[in-house]
Each structure stands twice: as C-alpha cells, then as structure tokens.
Amino acid sequence: MKKSVTHLPVLFLVVFSSMTTDVKANDARITEYGIYNKNQELLKKTTVIPANQVVRFGFCFEVFVDFFDDDKYMLTQSLTHPEISDDGGWPNKGYNVPRKFKVMNGVASGCVGYNARSSDEAPAGEWRFSLSDGSNELLDFSFNLKSNNAN
C-alpha cells in the first residue's frame, strides 16, 4: 500500500492512502494501528502505548460515508484523553476538529493519531479517537497509555 504523507504542525498526524476497498454501508474498519516513527511508518502494532514518553501513535481506517464523488469528504475527528495542562496552565482533555479525508467509491480513508512531543503530553489513561459524520458516529478506537511500572 503506497501512502503519501501530509505533515501538520499540531499534535496529530495525518496519512492519506489511496486504495480500493470492499467496505459496505454501515461498515468501518481499522486497517492499521500502533506506534509510528517520525516518518509515519508503523513500528509496532499495539493498543498499549508507553505513558509519559515522547511517542507517536494512531490508526488508519476505511469507513463508508455514502458519498460517491472521487474527492475529499469532511468528517469530525474527536480525541478525548486524560488532562494535559498547556504552557499557560489551561487544562486540555481533547478536541473536536473538522477534517477532510480522501473518499473513493463511497469510502473515506485515512489515518489519525497523536504525537506527544514531550513526556508531559502523554499522561497515562484511555485515549479515545472517534470519527463522525454529523451526529452519526462512524467509528471509535482507543489506546491505553500505561506507565512502565503500571500493571
């Protein structure tokens, strides 16, 4: 699978892929997930991520969106995570952001993730990503960030 990479100056990465698929109405599937390197190459397939470390993790997906123009389609990407305080002391527990994803034959595809640039940006706990189309949640996927000394 050939991928082209788009770098964004925020804490998440995006990798768009162009592929044919057999995803049907009401279907969504995770095509890849785990820990990635700075080139967005999968290093380890896992949902358990080391907490309090510089780490990049995420997943790739395909989801039926019932939009059949070969173009891009707007979905809402959400992330909820344990509280992180920014430099000004403001608490951050996640975000919701509209994002365009490649769509082909009614199926949107791409990758979403998180890039912790410091140990403070990766606290232990559940990190839940979701994608929605209006009020319709299409998929969600969670990672568990654990400290080395946690059971």
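Only a predicted model underlies this, so the values are computations on that prediction, with no experimental measurement involved. One is the number of the first residue; the rest follow in order along the sequence. Hydrogens, waters and symmetry mates are skipped; everything else that's a heavy atom, side chains included, is used.
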Run the numbers on Asp140 and Arg128 for side-chain contact (heavy atoms from CB on, under 4.5 Å), then give the verdict.
-> CA-CA 7 Å; Asp140 68 54; Arg128 181 180 174 264; 3.1 Å; yes

Can the ring centroids of Phe143 and Tyr114 be said to lie less than 6.0 angstrom from one another?
-> no

Backbone N/O of Gln40 and side chain of Asn37: donor-acceptor pair under 3.5 Å = yes

Less than 4.0 Å between a side-chain N and a carboxylate O, is that true for Glu126 and Lys93?
-> no

Would you name the heavy atoms of Ala28 and Val63 that are closest together and state the gap between them?
-> CB-CG2, 3.6 Å

Report yes if some heavy atom in the side chain of Ser119 is under 4.5 Å from a heavy atom in the side chain of Gln53; otherwise report no.
-> no

What's the spacing between Ile49 CD1 and Lys44 NZ if we round to 0.5 Å?
-> 8.0 Å

Between Pro123 and Ala51 the two heavy atoms that sit nearest each other are C-CB, 4.2 Å

Given the rule that I, L, V, M, F, W and Y join up when any side-chain heavy atoms are under 4.5 Å apart, are Phe61 and Met74 in one cluster?
-> no

Between SG of Cys60 and CZ of Arg29, what distance do you get to the nearest 0.5 Å?
-> 11.0 Å

Could you tell me whether the side chain of Phe64 reaches within less than 4.5 Å of the side chain of Leu138, counting heavy atoms only?
-> no

With Asn96 via side-chain contact (heavy atoms from CB on, under 4.5 Å) - residues at least two apart | Thr76, Ser78

Qualifying residues under ring-ring contact (aromatic ring centres under 6.0 Å, His included), relative to Phe67, sequence neighbours excluded | Tyr73

Going through the checks in order, is the side-chain contact (heavy atoms from CB on, under 4.5 Å) test met by Leu75 and Ser132?
-> CA-CA 6 Å; Leu75 298 174; Ser132 58; over 6 Å; no

Going through the checks in order, is the side-chain contact (heavy atoms from CB on, under 4.5 Å) test met by Val107 and Val65?
-> CA-CA 6 Å; Val107 176; Val65 293; over 6 Å; no

Taking C-beta and beyond as the side chain, do Asp120 and Ile84 meet within less than 4.5 Å on heavy atoms?
-> no

Atom pair CG (Asn144) and OG1 (Thr46), whose distance is rounded to the nearest 0.5 Å = 9.5 Å

Report the C-alpha separation of Trp127 and Leu79 in whole Å, then their side-chain angles, then the decisive distance to 0.1 Å, and conclude whether the side-chain contact (heavy atoms from CB on, under 4.5 Å) test is met.
-> CA-CA 7 Å; Trp127 290 63; Leu79 172 62; 4.1 Å; yes

Given the rule that I, L, V, M, F, W and Y join up when any side-chain heavy atoms are under 4.5 Å apart, are Val103 and Ile30 in one cluster?
-> yes

Between atom CG of Asn92 and atom CD of Glu83, what is the distance when rounded to the nearest 0.5 Å?
-> 8.5 Å

Any side-chain heavy-atom pair of Val112 and Phe101 under 4.5 Å = yes

Over all heavy atoms of both residues, which pair between Ala116 and Val54 is shortest? Give the atoms and the distance, please.
-> O-CG1, 3.3 Å

Spacing of CZ belonging to Phe57 relative to OH belonging to Tyr33, to within rounding of 0.5 Å | 14.5 Å

CG (Leu139) and CG (Leu131) are apart, to the nearest 0.5 Å, by 4.5 Å

